[in-house]
Enquirer: 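Below is one structure. I have some questions about it.
Positions are given from 1 along the sequence.
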Amino acid sequence: MLPEEQIRQRLEAAYALAVARSRTSLSGYLDSVVIDSRPEPRRFSDAAYPWQVERHQKLGGPLEAVMGLRDPWVGPRCFWETMPRGYDKTTGIGRLSNWLLAFSRRPLEIVAASGDEEQAHLLKESMLRESQLNPWLGSRLKFGTKRVYGEETGSVLKVLTADAFSSFGLRPDVIVVDELTHWKKRDLWDALWSAYAKMVGTVVFVITNAGLLRTWQHDLLLAAQADTTTWKVYEAPGPPNKLPTWMRPEDEDAIRRMLPPASARRVLDNEWIDPAEAGGYLTRLDVRGASNLGSDLGLVYRDKGVVGGEYLLSIDYGPKRDRTPLGVMHQRPDGLVILDRLDVLEGRQWPTGEVPVAAVREWIEDMRTRFGPNPALVFDPHELLDVAQYYERHLPVYRYEARGGKMNYTMAEVLRSAVVNRQVAWYPGAGTILLPDGKPDTLEDELVSLVLRPMPYGYRFDHQATKHDDRAVVLGMGLVVIFHQLLPGRFGKVQSVEKPHPSKREVVPVLPGMQINRDKPFSFRGLYGLE
């Protein structure tokens, strides 16, 4: 073991060398910066594949010019990369942004544009994580709510989101556009492109998943491909010529099994797909299989539970001009989840046109008398905060932010997996309501009508115009709580269930993916062999 003073001196020398190299060129920075690789952090140059090094280096000329590190750049200053998941897209943008902020020779204005707050948070999170792994870099950066500052350069990165953009004067030196195919509208893009046209030397970097054909994003790609003077366009090859990445094959396989086929081709194989393919979430055959399983098992609408049974109450509250579905569920010893009953309260049942919170509480109390005094409870606390606070003193309660961010993705994955693999069943006609024209509308009808919405964090399900998705949310929340053990000790832990049912078509694990500890402390001593 080296003496502490000698370790300190060596670390200081290593940091000084990293700073000196980063001040001269992008390649010097990439040879020095440590990234959040697995299983241990490593320098980018040690972890990267050759194509990843080339990807960054092609940006060196125009970026070094805008930073004042070299003569003005002659050549394309706009770059478009279409790449699948796992290709270091958002983290790569964050890595370049940290370098620009920390080592530019003149103050820069960088605009980082994302589709929504969720994606913007991912970008800032990746920048912060790498800055923490590199003390010589982190000491030169200051992170604010929607700004990141270069402490010594006077540079600033402004985070803008397409869903909250209002027009104002922009004078950016660098524009980075993250996951453009997930943007719902193009207002922010038009403002950024107008700002680019007014500025001399501005660099534009677009990186995104493949999207939908015949959309405004696809039109932009075609225009960029045609304008080789302004743009350099790169689209990563799909199978069988996919580039090697840091994502393990087994992790990609797990993600692929959880996605509808069209979405898997788009986000994993980098294929632009027809909008007609993108909307499908569950087929009639998928849903009918789960319905048939309920019929084969003789399931009926239940008035009461069995003695000693563990039941879950799931609620999606909709007060105004909406509905409030309320479900009761339990899990059998073999892992199959049973939807015992699905009630729907509608605002039109009350003179005010709203579902009263008191009616929800009355239903919960009624279910406590029918299905045991201590059922578990899951719901989105929005509009029901008082109810959540009250029942948390009496029952196991899980507050589920069903409408926000990655929890939407989790719910969409688990719901689809459970239905496709016959891991959930319900009684015939579950959740039936009468439409204004007098026609019955069931849970099965709603599940079939769901559409898939690509999001920066993956995807979520949504409803078509004039339709609803609230009964699906009730079912999905309950499945996530049960399968993901969000209320430990309440339900048997079964991660994959084989159902001997003739209509089953595929096997999808309920809990796929990587287990990553992003909070593990990192030490430069180990990296430089000083421990």
Side-chain angles (χ1 to χ4, degrees), residues 26 29-30 33-38 41 44 47-49 51-53 55-56 58-59 63 79-102 110-134 137 141 143 145-148 157-163 172 174-184 188-189 192 203-211 217 234-236 243 245-247 251-252 255 263 266-268 270 405-406 408-409 454-460 513-514 516 518:
L26 176 56
Y29 170 70
L30 296 176
V33 68
V34 173
I35 64 172
D36 188 19
S37 64
R38 295 293 179 265
F44 174 81
Y49 291 99
W51 71 265
Q52 292 173 305
V53 175
R55 170 199 173 198
H56 281 69
K58 73 181 182 182
L59 296 170
L63 290 179
F79 301 85
W80 181 302
E81 293 184 345
T82 308
M83 291 185 169
R85 188 175 299 181
Y87 274 55
D88 190 36
K89 295 194 299 296
T90 298
T91 49
I93 287 178
R95 186 172 308 119
L96 294 175
S97 297
N98 280 345
W99 174 63
L100 292 165
L101 291 170
I110 306 168
V111 172
S114 300
D116 56 23
E117 288 289 345
E118 180 79 14
Q119 188 65 26
H121 176 73
L122 293 177
L123 174 61
K124 279 189 56 185
E125 187 180 65
S126 69
M127 294 176 65
L128 178 61
R129 176 62 174 163
E130 284 200 3
S131 74
Q132 292 170 337
L133 288 172
N134 298 273
L137 173 64
L141 301 173
F143 288 82
T145 304
K146 290 191 175 182
R147 298 285 190 274
V148 183
L157 179 142
K158 300 177 180 179
V159 177
L160 302 181
T161 58
D163 62 348
V174 178
I175 299 171
V176 291
V177 177
D178 197 11
E179 297 293 9
L180 183 64
T181 56
H182 297 298
W183 293 19
K184 294 181 179 179
L188 177 54
W189 168 263
L192 293 173
V203 178
V204 178
F205 185 32
V206 178
I207 186 161
T208 186
N209 281 135
Q217 293 98 327
Y234 176 76
E235 294 196 272
L243 299 172
T245 73
W246 294 325
M247 184 185 293
D251 295 327
E252 181 176 331
I255 294 172
S263 293
R266 185 181 62 82
V267 303
L268 296 176
N270 212 35
K406 292 184 178 179
N408 254 331
Y409 179 40
M455 303 296 290
Y457 46 78
Y459 69 95
R460 66 180 178 90
M514 301 175 286
I516 296 177
R518 294 194 176 276

Enquirer: Please report the C-alpha distance between Thr90 and Ser126 in whole Å, then the side-chain angles of each, then the deciding distance to 0.1 Å, and finally whether the side-chain hydrogen bond (donor to acceptor under 3.5 Å, both in side chains) criterion is met.
Expert: CA-CA 8 Å; Thr90 298; Ser126 69; over 6 Å; no
Enquirer: Hey, mind stepping through Glu252 and Leu268 against side-chain contact (heavy atoms from CB on, under 4.5 Å) and telling me if it holds?
Expert: CA-CA 8 Å; Glu252 181 176 331; Leu268 296 176; 4.2 Å; yes
Enquirer: So among Glu235, Lys89, Lys58, which one has a side-chain contact (heavy atoms from CB on, under 4.5 Å) with Glu81?
Expert: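 Result: among Glu235, Lys89, Lys58, Lys58 is the only option passing the side-chain contact (heavy atoms from CB on, under 4.5 Å) with Glu81.
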Enquirer: Might you point out which heavy atoms bring Ile93 and Val177 nearest each other, and give the distance in Å?
Expert: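 Closest heavy-atom pair between Ile93 and Val177: CD1-O, 4.2 Å.
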Enquirer: Looking at Glu117 and Lys124, does any basic side-chain N land under 4.0 Å from a carboxylate oxygen?
Expert: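 Result for this pair is no, no salt bridge flagged.
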Enquirer: Quick check against the 3.5 Å criterion: does Trp183 have a side-chain atom that pairs as donor or acceptor with the backbone of Thr161?
Expert: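 No, because the side chain of Trp183 does not come within donor-acceptor range (under 3.5 Å) of the backbone of Thr161.
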Enquirer: Under the 3.5 angstrom rule, does the side chain of Asn98 hit a backbone N or O of Met127 as a donor-acceptor pair?
Expert: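 Flag set: sc Asn98 to bb Met127 pair under 3.5 Å.
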Enquirer: side-chain contact (heavy atoms from CB on, under 4.5 Å) for Glu130 and Val33? Distances and angles first, verdict last.
Expert: CA-CA 8 Å; Glu130 284 200 3; Val33 68; 4.1 Å; yes
Enquirer: Measure the CG-OH distance between Asn134 and Tyr29 for me, rounded to the nearest 0.5 Å.
Expert: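 Going from the CG atom of Asn134 to the OH atom of Tyr29 covers 6.5 Å.
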Enquirer: Which pair of heavy atoms, one from Ile35 and one from Leu133, lies closest together, and at what distance?
Expert: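 Shortest heavy-atom separation between Ile35 and Leu133 comes out as C-CD1, 3.7 Å.
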Enquirer: Quick one: are Leu96 and Leu59 in side-chain contact, heavy atoms under 4.5 Å?
Expert: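 They are in side-chain contact.
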Enquirer: Give the minimum heavy-atom separation between Tyr87 and Ala236, together with the two atoms involved.
Expert: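 So the minimum-distance heavy-atom pair works out to CE2-CB, 4.0 Å.
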Enquirer: Supply the atom-to-atom distance Lys146 NZ to Leu160 CG, rounded to the nearest 0.5 angstrom.
Expert: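 The CG atom of Leu160 is 8.5 Å from NZ of Lys146, to the nearest 0.5 Å.
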Enquirer: Looking only at heavy atoms, which two atoms of Ala113 and Leu192 are closest? And how far apart?
Expert: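 That closest heavy-atom pairing would be CB-CD1, 3.7 Å.
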Enquirer: How long is the straight-line distance from CD1 of Ile207 back to CH2 of Trp80, given to the nearest 0.5 Å?
Expert: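 Trp80 atom CH2 to Ile207 atom CD1 measures 11.5 Å (nearest 0.5 Å).
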Enquirer: Side-chain contact test, heavy atoms from C-beta onward, threshold under 4.5 Å: evaluate it for Val53 versus Leu30 and give yes or no.
Expert: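 No, their side chains stay 4.5 Å or more apart.
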Enquirer: Check whether the ring centres of Trp51 and Tyr234 lie less than 6.0 Å apart, and answer yes or no.
Expert: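 Judged by ring-centre distance (under 6.0 Å), Trp51 and Tyr234 do not meet the cut-off.
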Enquirer: Which distance, rounded to the nearest 0.5 Å, do you find between the CG of Leu123 and the CG of Leu128?
Expert: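 Result: 11.5 Å between the selected atoms.
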Enquirer: Mark yes or no for whether Asn209, through its side chain, and Met83, through its backbone, hold a donor-acceptor pair below 3.5 Å.
Expert: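 At least one qualifying donor-acceptor pair exists.
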Enquirer: Could you walk me through whether Phe44 and Gln52 pass the side-chain contact (heavy atoms from CB on, under 4.5 Å) check?
Expert: CA-CA 9 Å; Phe44 174 81; Gln52 292 173 305; 4.3 Å; yes
Enquirer: How close do Val111 and Pro172 get, counting heavy atoms only, and between which atoms?
Expert: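 Scanning both residues, the minimum pair turns out to be CG2-CB, 3.7 Å.
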Enquirer: Test side-chain contact (heavy atoms from CB on, under 4.5 Å) on Phe205 and Ile175 and set out the steps.
Expert: CA-CA 6 Å; Phe205 185 32; Ile175 299 171; over 6 Å; no
Enquirer: Could you list the residues that satisfy side-chain contact (heavy atoms from CB on, under 4.5 Å) with Ala210, not counting sequence neighbours?
Expert: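 For Ala210, the residues satisfying side-chain contact (heavy atoms from CB on, under 4.5 Å) (neighbours in sequence not counted) are Thr82, Arg266, Asn270, Trp272.
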Enquirer: To the nearest 0.5 Å, how far apart are CD in Gln132 and CZ in Phe143?
Expert: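 Between Gln132 CD and Phe143 CZ, I get 8.0 Å after rounding to 0.5 Å.
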Enquirer: So, Lys184 and Asp116, do they make that salt bridge, N to O below 4.0 Å?
Expert: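 The answer is no: the pair does not qualify as a salt bridge.
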Enquirer: Roughly how far apart are Leu137 CG and Leu101 CG, rounded to 0.5 Å?
Expert: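 Between atom CG of Leu137 and atom CG of Leu101 there are 9.0 Å.
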Enquirer: Looking only at non-hydrogen atoms, find the nearest pair between Asp88 and Arg95 and report the distance.
Expert: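 For Asp88 and Arg95, the tightest heavy-atom pair comes out as OD2-NH1, 2.8 Å.
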Enquirer: Does Val159 reach the side chain of His121, with side-chain heavy atoms less than 4.5 Å apart?
Expert: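 SC-SC contact between Val159 and His121 ruled out.
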